[in-house]
K.L.:
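I'd like to ask some things about the structure below.
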Amino acid sequence: MGLRQNVGVSVKRDSIGVGISVGAAGVAFGSVAVAGHFTVAQACVLSLLLFSGASQFALVGVMSSGGSPLAAILTGTFLGSRNGLYGTRMASILKNRGWRRVVAAQITIDESTGMAIAQEEIEQQHTAFWYTGIAVFFFWNICTFLGAVGAKAIGDTAAWGLDVVSPVVFIAVLWPRLTTRNLKLAALAAFTWALCITEVVPSGVPILTTVAIAVIVGWK
Amino acid sequence: MTGAWVAVLVTGVLCFVLKYVGHSIPAKWLERPRVGRITTLIPIVLLSALVGIQAFTTQTKFTIDHRLSGIVIGAGSVIAKLPFPATIILAMTASAITYRVKI
C-alpha cells in the first residue's frame with residue numbers, strides 16, 4: 001500500500017510539473033497574440049475557451065498575416081481535431097458522464113492524454129489526466145495574461161524577436177513528430193507548397209490547402 | 001477587430017465540440033487505419049505550412065529578412081534538443097539582434 005501511495009504522489013508531482021513547464025509557454029502565446037494585433041481580452045478568451053496551443057498560435061498567425069476569419073477558423077479547427085481523437089481514447093479510460101465529461105473534454109489535450117496513457121494502472125491514469133489537464137489549464141491561462149500584458153507594454157515586438165516565437169514553437173512541436181520518411185516528406189511538401197503559392201492566392205489558403213497533402217499521403 | 005472576435009469564439013466552440021464528440025463516440029469508429037494516418041498528418045502539414053508563411057512572407061509576399069536568423073538558431077536548438085525555454089530565447093535574441101543591426 002505504501003508503494004502504491006508513493007506512485008500516486010509521484011504521478012501528481014509529475015503532472016503538476018508538466019502543467020508548470022507547458023503552461024509557461026502561455027507567455028509566448030499571449031505576447032505573440034498581442035504582437036499580431038489581438039487584444040489582451042481576445043488572447044485570454046482564446047486560452048480559456050480554445051485551450052489548445054497549436055490551434056491558438058495558428059489562428060493568430062493566419063489572421064495577423066492577413067488571412068480571413070474563415071481561414072483562421074478552419075485552420076484552428078483542423079488543428080484541434082486531434083484532441084477529438086484523444087477524447088475518444090480518454091473516454092474509454094475515464095468513463096465520465098454529465099458535467100464531468102464536459103470538464104474532461106475541455107482539458108483533453110496532448111499533455112493530459114500523453115501523461116494518462118503513460119501510466120500502467122487505471123487509477124494512476126485518472127490521476128495523471130486530471131492533474132495534468134487542470135495544471136496546464138491553470139498555468140497556461142495565467143501566463144497568457146502575463147505575456148499579453150507584457151507585449152502590450154514593449155511596443156515594437158519585432159525589435160524583441162517576438163515575430164519568430166510562433167514559427168519556432170511550431171518547429172519544436174513538429175520535429176519530434178517527424179518519425180518516418182513519409183511524415184518528413186509530407187512536412188517538406190506542405191512547407192514548399194505554401195511558399196510557392198503564397199503570392200498568387202488569398203492569405204490563409206496556402207495553409208488550408210495542405211490538408212489535401214495529408215489526405216493524399218495518408219490514403220494508402 | 002470584430003472579425004478576430006468571430007474567429008476566437010467560433011474556433012473555441014468548434015474545438016470544444018470536437019473534443020466533446022470525441023468523448024462521446026464509440027472507440028471503434030476511429031479504429032480504421034486510414035483515419036488514423038490522415039489525422040496524424042493533418043497537424044504536421046498545417047504546422048509546416050505555417051512555419052513557412054510566418055517565417056518567410058510579409059503580407060503574402062515571399063520575404064527573407066531578420067527572421068531567418070531566428071528560425072535557423074531556433075531550428076538548430078530544437079535539433080540539438082535544448083530545453084524549450086532556451087530554444088525560444090535564443091531564437092528571439094538572434095532575430096532581435098539582426099533586426100536592430102539592420103536598422
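Each chain gets a letter, A, B and so on, in the order its sequence line appears, and its residues count up from 1. None of these values were measured; they are calculated from a predicted model.
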K.L.:
For B:Phe84, is it the side chain, the backbone, both or neither that has a heavy atom under 4.5 Å from a heavy atom of chain A?
P.N.:
side chain
K.L.:
What I'd like to find out is whether the side chain of A:Leu79 reaches to under 4.5 Å of the side chain of B:Leu47, using heavy atoms alone.
P.N.:
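Yes, at least one pair of side-chain atoms sits under 4.5 Å.
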K.L.:
Take atom CZ of A:Phe145 as the centre, draw a 6.0 Å sphere, and report whether it contains more than 12 heavy atoms from other residues, nucleotides or ligands.
P.N.:
no
K.L.:
By a 4.5 Å heavy-atom criterion (distance strictly below it), what part of A:Arg82 contacts chain B: side chain, backbone, both, or neither?
P.N.:
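For A:Arg82, the contact with chain B is made by the side chain alone.
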K.L.:
With rounding to the nearest 0.5 Å, note down the distance linking CG in B:Leu46 to OG1 in A:Thr210.
P.N.:
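The distance works out to 4.5 Å.
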K.L.:
Select one option (side chain, backbone, both, neither) describing which atoms of B:Ser24 are under 4.5 Å from chain A's heavy atoms.
P.N.:
both
K.L.:
What closest approach, in Å, do B:Cys15 and A:Gly76 show between heavy atoms, and which atom pair accounts for it?
P.N.:
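Shortest heavy-atom separation between B:Cys15 and A:Gly76 comes out as SG-O, 3.7 Å.
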K.L.:
Test B:Val45 against A:Ile207 for side-chain contact (heavy atoms from CB on, under 4.5 Å), laying out the working first.
P.N.:
CA-CA 8 Å; B:Val45 295; A:Ile207 297 158; over 6 Å; no
K.L.:
Tell me, side chain or backbone of A:Ser81 under 4.5 Å from chain B's heavy atoms, or both, or neither?
P.N.:
both
K.L.:
For chain B, which of A:Arg101, A:Lys220, A:Arg177 has the most heavy-atom pairs under 4.5 Å?
P.N.:
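Max contact count across the listed options: A:Arg101.
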K.L.:
Could you tell me which portion of A:Ala41 (side chain, backbone, both or neither) has an atom closer than 4.5 angstrom to a non-hydrogen atom of chain B?
P.N.:
both
K.L.:
Give the minimum heavy-atom separation between A:Ala159 and B:Arg100, together with the two atoms involved.
P.N.:
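Where A:Ala159 meets B:Arg100 most closely, the heavy atoms are O-NE, 2.8 Å.
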K.L.:
Report which part of A:Leu70 has an atom under 4.5 Å of a heavy atom belonging to chain B: side chain, backbone, both, or neither.
P.N.:
neither
K.L.:
Under 4.5 Å heavy-atom distance to chain B, tell me which part of A:Leu174 shows up: side chain, backbone, both or neither.
P.N.:
side chain
K.L.:
What's the spacing between A:Trp219 CH2 and B:Ile38 CD1 if we round to 0.5 Å?
P.N.:
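Going from CH2 on A:Trp219 over to CD1 on B:Ile38, the span is 5.5 Å.
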K.L.:
Can you say whether B:Pro85 sits under 4.5 Å from chain A via the side chain, the backbone, both, or neither, judging by heavy atoms?
P.N.:
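For B:Pro85, there is no contact with chain A at all, as no heavy atom is under 4.5 Å.
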K.L.:
Quick one: of A:Gly80, A:Ala186, A:Ser166, who has the most non-hydrogen atom pairs under 4.5 Å with chain B?
P.N.:
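Of the options given, most contacts go to A:Ser166.
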K.L.:
When rounded to the nearest 0.5 angstrom, what is the spacing between OG1 in B:Thr57 and CD in A:Glu199?
P.N.:
9.0 Å
K.L.:
Does any heavy atom of chain A fall under 4.5 Å from the side chain of B:Ile89, the backbone, both, or neither of them?
P.N.:
neither
K.L.:
Considering only heavy atoms from C-beta outward, does the side chain of B:Trp5 approach that of A:Val45 to under 4.5 Å?
P.N.:
yes
K.L.:
Search all heavy atoms of B:Ala7 against all heavy atoms of A:Met63 and return the closest pair with its distance.
P.N.:
CB-SD, 3.7 Å
K.L.:
Show your reasoning for whether side-chain contact (heavy atoms from CB on, under 4.5 Å) applies to A:Leu49 and B:Phe16.
P.N.:
CA-CA 8 Å; A:Leu49 188 60; B:Phe16 176 77; 5.8 Å; no
K.L.:
Between chain B and each of A:Trp193, A:Phe191, A:Trp175, count heavy-atom pairs under 4.5 Å; write down the option with the most.
P.N.:
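If we count pairs closer than 4.5 Å to chain B, A:Phe191 comes out on top.
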K.L.:
Out of curiosity, A:Ile109 CD1 to B:Lys19 NZ, how far, rounded to the nearest 0.5 Å?
P.N.:
7.0 Å
K.L.:
For each of A:Ala172, A:Gly66, A:Ala72, A:Pro202, tally heavy-atom pairs with chain B at distances under 4.5 Å, and name the one with the top tally.
P.N.:
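Among the listed options, the one with the most contacts to chain B is A:Ala172.
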K.L.:
Side chains of B:His23 and A:Thr108: any donor to acceptor distance under 3.5 Å?
P.N.:
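Yes - a donor-acceptor pair under 3.5 Å links their side chains.
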K.L.:
Do other residues, nucleotides or ligands put more than 12 heavy atoms under 6.0 Å from A:Phe78 CZ?
P.N.:
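No, CZ of A:Phe78 has 12 or fewer neighbouring heavy atoms, counting only those of other groups under 6.0 Å.
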K.L.:
Just verifying a value: how many Å separate B:Ile25 CD1 and A:Thr88 OG1, rounded to the nearest 0.5 Å?
P.N.:
4.0 Å
K.L.:
For a 4.5 angstrom cut-off between non-hydrogen side-chain atoms, does A:Phe170 reach B:Gln54?
P.N.:
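SC-SC contact between A:Phe170 and B:Gln54 confirmed.
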K.L.:
Examine whether an atom of A:Ile171 lies under 4.5 Å from a heavy atom of chain B, and if so say whether it belongs to the side chain, the backbone or both; otherwise answer neither.
P.N.:
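A:Ile171 touches chain B through backbone and side-chain heavy atoms alike.
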K.L.:
Is there a donor in the side chain of B:Tyr99 and an acceptor in the side chain of A:Asp163, or the other way round, less than 3.5 Å apart?
P.N.:
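Looking only at side-chain atoms, A:Asp163 and B:Tyr99 do not form any donor-acceptor pair under 3.5 Å.
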K.L.:
Taking atom CG of A:Leu85 and atom OG1 of B:Thr39, what is their separation to the nearest 0.5 Å?
P.N.:
4.5 Å
K.L.:
Near A:Trp160 CH2, under 6.0 Å, is it more than 12 heavy atoms from other residues, nucleotides or ligands?
P.N.:
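For A:Trp160, atom CH2 is not crowded (no more than 12 foreign heavy atoms under 6.0 Å).
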K.L.:
Any non-hydrogen side-chain atom of A:Ser65 less than 4.5 Å from a side-chain atom of B:Thr60?
P.N.:
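No - every pair of side-chain heavy atoms lies 4.5 Å or more apart.
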K.L.:
With a 4.5 angstrom heavy-atom cut-off, is it the side chain or the backbone of B:Ile73 that approaches chain A, or both, or neither?
P.N.:
neither
K.L.:
Mind ranking A:Leu188, A:Val169, A:Ile213 by heavy-atom pairs under 4.5 Å with chain B and telling me who comes out on top?
P.N.:
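When all of A:Leu188, A:Val169, A:Ile213 are compared, A:Val169 has the most.
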K.L.:
Could you check whether atom CZ of B:Phe62 has more than 12 heavy atoms from other residues, nucleotides or ligands sitting under 6.0 Å from it?
P.N.:
yes
K.L.:
Tell me, side chain or backbone of A:Val200 under 4.5 Å from chain B's heavy atoms, or both, or neither?
P.N.:
neither
K.L.:
With a 4.5 Å cut-off on heavy-atom pairs, point out which of B:Ile44, B:Ile88, B:Leu18 contacts chain A the most.
P.N.:
B:Ile44
K.L.:
If I measure from the heavy atoms of chain B, does A:Val60 come under 4.5 Å with its side chain, its backbone, both, or neither?
P.N.:
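For A:Val60, no heavy atom lies under 4.5 Å from chain B.
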K.L.:
Let me know if A:Leu74 has heavy atoms under 4.5 Å from chain B in its side chain, its backbone, both or neither.
P.N.:
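Interface part for A:Leu74: neither.
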K.L.:
Can you tell which part of A:Ala104 gets under 4.5 Å to a heavy atom of chain B, answering side chain, backbone, both or neither?
P.N.:
both
K.L.:
Check each atom of A:Ala28 against the heavy atoms of chain B and say whether the ones under 4.5 Å are side chain, backbone, both or neither.
P.N.:
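For A:Ala28, neither part sits under 4.5 Å from chain B.
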K.L.:
Heavy-atom distance under 4.5 Å to chain B: side chain of A:Phe57, backbone, both or neither?
P.N.:
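The backbone, not the side chain.
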K.L.:
Sort out for me which of B:Arg37, B:Lys61, B:Arg67 touches chain A most, counting heavy-atom pairs under 4.5 Å.
P.N.:
B:Arg37
K.L.:
Heavy-atom pairs under 4.5 Å with chain A are the metric here; pick the option from B:Leu14, B:Val13, B:Ile97 that has the most.
P.N.:
B:Leu14
K.L.:
Among A:Ser68, A:Pro69, A:Pro176, A:Pro206, which residue forms the greatest number of heavy-atom pairs with chain B at distances under 4.5 Å?
P.N.:
A:Pro69
